[in-house]
Student: 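Have a look at this one.
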Amino acid sequence: MKDINKAVEMLLSKLEAWGEEIVLMLPNLFVALVLLIATFYIARFIQQTLDRVINRFSHSAALNNLISTLLYLGMLLVGFFFVLSILNLDRVVISLLAGVGIIGLALGFAFQDIAANFISGVIIAVQRPFSVGDMLETNDYFGVIERITLRTVDVRQVTGELVRVPNKMVFENPTTNYSSHGIRRVDLEVGVSYAEDLERVQQVVIQALEEVKNRVKTRDIEVMYDSFGNSSINLEARFWVRYSRQVDYVGAKSDAIIRIKKAFDANNILIPFPIRTLDFGIKGGEKLSEELQHIMDSCQNGQQQRKKSDQ
């Protein structure tokens, strides 16, 4: 019975001490509560103001959202630490900071790829080497950029598939932006017969390409002979087209082929077929027709001799 009474007395004294501490902490609790509420309102106001200001200087929605969110969370964290300090919970603050550091280190090792993609996304958003709607080729993928996030670059390939390429792969590997200048050069290879007048062929090709659809007329058409082929002399026709979609390039190239073929037909310019030489074991310097005639004569003589012997 004495033990029970002693335990009750200890409990009551402990509760009384806690009650006194709570009463003494009431002003601090009130100030901490006001500070916490004020922190939320101030952080939200600053975030909204910063969103309006950043949008004037940066057109990357992902980067703008990242900056404003980080600032908002940082202000909330600072306000939370002030609240704990007002409540005389400094040790809790130190423990929380130590815990956050350890957790951050562990997460950094566990999610290295995610962190690398995130950092790469931030750098891409800042440098802006390409934007939504550009034709991009990277990591063997070629298509239109549909979306840029802080984790991936979404590419709609020309064949229709949507590929989400991690930002780390885009950042670390070569990329080709076909839309950066709005124009693109078309290179077209053509072969003509050895018997043709090459300067005349040059002029015919240039005239044929003058009215190719979508051609940039401020840039000259270039027709340069490239090599001696097995059955033709090869030339390369080069001209520039306005480029926003892949169909601009493909359509101009198709139109150029049609125009060159029509111009060659109209001017009797021959595009030769591949030539193959068949070796029948003829000696050097002898004509195939003479050798065939000799074989035919031999066959006829053989037939006549067989007829005589049969008689």
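These figures come from a predicted structure and were not determined experimentally.
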Student: Are the side chain of Asn167 and the backbone N or O of Arg151 linked by a donor-acceptor pair below 3.5 Å?
Tutor: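 At least one qualifying donor-acceptor pair exists.
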Student: Please check if the side chain of Asp265 supplies one atom and the backbone of Lys262 the other of a donor-acceptor pair under 3.5 Å.
Tutor: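 Answer holds: no.
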Student: Do you know which two heavy atoms are closest between Ile124 and Pro129, and how far apart they sit?
Tutor: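 Reported closest heavy-atom pair: O-CD, 3.6 Å.
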Student: Can you tell me how far the CG atom of Asn267 sits from the CD atom of Glu196, to the nearest 0.5 Å?
Tutor: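 Asn267 CG to Glu196 CD: 9.5 Å, rounded to 0.5 Å.
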Student: Heavy-atom count around Tyr141 OH within 6.0 Å, excluding the residue itself: above 12?
Tutor: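 It does not: Tyr141 OH has 12 such atoms or fewer within range.
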Student: Is a side-chain donor-acceptor pair under 3.5 Å present for Thr175 with Asn173?
Tutor: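 Short answer, no.
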Student: Inspect the surroundings of CG in Asp187 and state if more than 12 heavy atoms from other residues, nucleotides or ligands are less than 6.0 Å away.
Tutor: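 Yes, because the 6.0 Å sphere around CG of Asp187 holds more than 12 heavy atoms from other groups.
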Student: Going through the checks in order, is the side-chain contact (heavy atoms from CB on, under 4.5 Å) test met by Ile42 and Met75?
Tutor: CA-CA 9 Å; Ile42 294 172; Met75 293 191 64; 3.8 Å; yes
Student: Does Phe171 reach the side chain of Ile119, with side-chain heavy atoms less than 4.5 Å apart?
Tutor: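 No; the side chains remain at least 4.5 Å from each other.
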Student: From Glu222 CD over to Phe239 CZ, what is the distance, rounded to the nearest 0.5 angstrom?
Tutor: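 The distance works out to 12.0 Å.
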Student: Side chains of Thr152 and Asp154: donor-acceptor distance under 3.5 Å anywhere?
Tutor: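 Indeed, the side chains of Thr152 and Asp154 share at least one donor-acceptor pair under 3.5 Å.
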Student: Ignoring hydrogens, what is the shortest heavy-atom contact between Lys213 and Gly251? Give both atom names and the distance.
Tutor: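 In this case the closest contact between Lys213 and Gly251 is CE-O, 3.5 Å.
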Student: Answer with yes or no whether the hydrophobic clustering places Leu188 together with Met224; edges join I, L, V, M, F, W, Y residues whose side-chain heavy atoms lie under 4.5 Å apart.
Tutor: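 Different hydrophobic clusters.
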Student: Test of understanding: clusters of I, L, V, M, F, W, Y form through side-chain heavy atoms closer than 4.5 Å, transitively. Do Val144 and Val155 belong to the same one?
Tutor: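 Each belongs to a different hydrophobic cluster.
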Student: Where do Gly160 and Arg156 come nearest, in terms of heavy atoms and distance?
Tutor: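 For Gly160 versus Arg156, the nearest heavy atoms are O-NH1, 3.0 Å.
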Student: Check whether Tyr194 and Tyr225 end up in the same hydrophobic cluster, where Ile, Leu, Val, Met, Phe, Trp and Tyr are linked by side-chain heavy atoms less than 4.5 Å apart.
Tutor: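 Result: yes, single cluster for both.
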Student: Take Glu146 and Val132, measure what side-chain contact (heavy atoms from CB on, under 4.5 Å) needs, and give me the verdict at the end.
Tutor: CA-CA 6 Å; Glu146 285 198 349; Val132 174; 5.7 Å; no
Student: Atom OG in Ser231, atom CD1 in Ile271: separation rounded to 0.5 Å?
Tutor: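 Going from OG on Ser231 over to CD1 on Ile271, the span is 11.5 Å.
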Student: Once you round to the nearest 0.5 Å, how far does CD1 of Ile183 lie from CG of Asn214?
Tutor: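 Those atoms lie 11.5 Å apart.
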Student: Assess whether atom CZ of Arg185 is packed by more than 12 heavy atoms of other residues, nucleotides or ligands within 6.0 Å.
Tutor: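 Counting neighbours around CZ of Arg185, more than 12 heavy atoms of other residues, nucleotides or ligands fall under 6.0 Å, so yes.
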Student: Distance to the ring centre below 6.0 angstrom and angle to the axis at most 45 degrees; does that hold for Arg184 and Tyr249?
Tutor: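 Because its charged atom sits under 6.0 Å from the ring centre and within 45° of the axis, Arg184 does stack over Tyr249.
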Student: Is the closest side-chain donor-acceptor distance between Thr159 and Gln157 under 3.5 Å?
Tutor: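 The answer is no; no qualifying pair exists.
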Student: Parallel, tilted or perpendicular: which one describes the rings of Tyr243 and Tyr178, with boundaries at 30° and 60°?
Tutor: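 Taking Tyr178 first and then Tyr243, their aromatic rings sit tilted (interplane angle of 30° to 60°).
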Student: Are the side chains of Phe264 and Val192 in touch, meaning some heavy atoms are under 4.5 Å apart?
Tutor: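 Phe264 reaches Val192 side chain to side chain.
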Student: Any side-chain heavy-atom pair from Val241 and Lys253 closer than 4.5 angstrom?
Tutor: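 No; the side chains remain at least 4.5 Å from each other.
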Student: Pick one: which of Val204, Ile260, Val205, Val190 meets side-chain contact (heavy atoms from CB on, under 4.5 Å) with Ile269?
Tutor: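 So the option named by the test is Val204.
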Student: Report whether Met169 and Leu136 are members of the same hydrophobic cluster (ILVMFWY, side-chain heavy atoms less than 4.5 Å apart, transitive linking).
Tutor: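 They do share one cluster, since a chain of ILVMFWY contacts under 4.5 Å joins Met169 to Leu136.
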Student: Can you give me the closest heavy-atom contact between Pro272 and Gly191, atom names plus distance?
Tutor: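 Where Pro272 meets Gly191 most closely, the heavy atoms are CD-O, 3.9 Å.
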Student: I'd like to check the side-chain contact (heavy atoms from CB on, under 4.5 Å) partners of Glu211; sequence neighbours left out, ordered by chain and number.
Tutor: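 Checked Glu211 against side-chain contact (heavy atoms from CB on, under 4.5 Å); matches are Lys217, Arg259.
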Student: Output the distance between atom CD1 (Ile233) and atom CG (Leu198), rounded to the nearest 0.5 Å.
Tutor: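 CG of Leu198 is found 4.5 Å from CD1 of Ile233.
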Student: How long is the gap from CG on Asp197 to CD on Gln202, to the nearest 0.5 Å?
Tutor: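 It comes to 10.0 Å.
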Student: Tell me whether Val186 shares a hydrophobic cluster with Ile206, the cluster being built from Ile, Leu, Val, Met, Phe, Trp, Tyr side chains joined at under 4.5 Å.
Tutor: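 Val186 clusters together with Ile206.
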Student: Which pair of non-hydrogen atoms, one from Ser120 and one from Lys168, has the smallest distance, and what is that distance?
Tutor: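 What the structure gives for the nearest pair is OG-CA, 3.7 Å.
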Student: Measure from the side-chain N and O atoms of Ser227 to the backbone N and O of Asn234, and report whether any donor-acceptor pair falls under 3.5 Å.
Tutor: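 Flag not set: sc Ser227 to bb Asn234 has no pair under 3.5 Å.
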Student: Give the minimum heavy-atom separation between Ile221 and Glu210, together with the two atoms involved.
Tutor: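 Closest approach of Ile221 to Glu210: CD1-N, 3.8 Å.
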Student: I'd like to know if the side chain of Ser254 reaches the main chain of Val250, judged simply by a donor and an acceptor atom lying under 3.5 Å from each other, with no hydrogens or angles considered.
Tutor: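 Not confirmed, Ser254 side chain does not pair with Val250 backbone.
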Student: If you count heavy atoms of other groups shown closer than 6.0 angstrom to CD of Glu161, is the number above 12?
Tutor: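 Yes, because the 6.0 Å sphere around CD of Glu161 holds more than 12 heavy atoms from other groups.
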Student: Would Val216 and Arg242 count as a side-chain contact (heavy atoms from CB on, under 4.5 Å) here? Give the steps.
Tutor: CA-CA 6 Å; Val216 179; Arg242 293 179 184 84; 3.9 Å; yes
Student: Among Leu33, Thr39, Ile37, exactly one meets side-chain contact (heavy atoms from CB on, under 4.5 Å) together with Leu35. Which residue is that?
Tutor: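 For Leu35, the side-chain contact (heavy atoms from CB on, under 4.5 Å) check succeeds only for Thr39.
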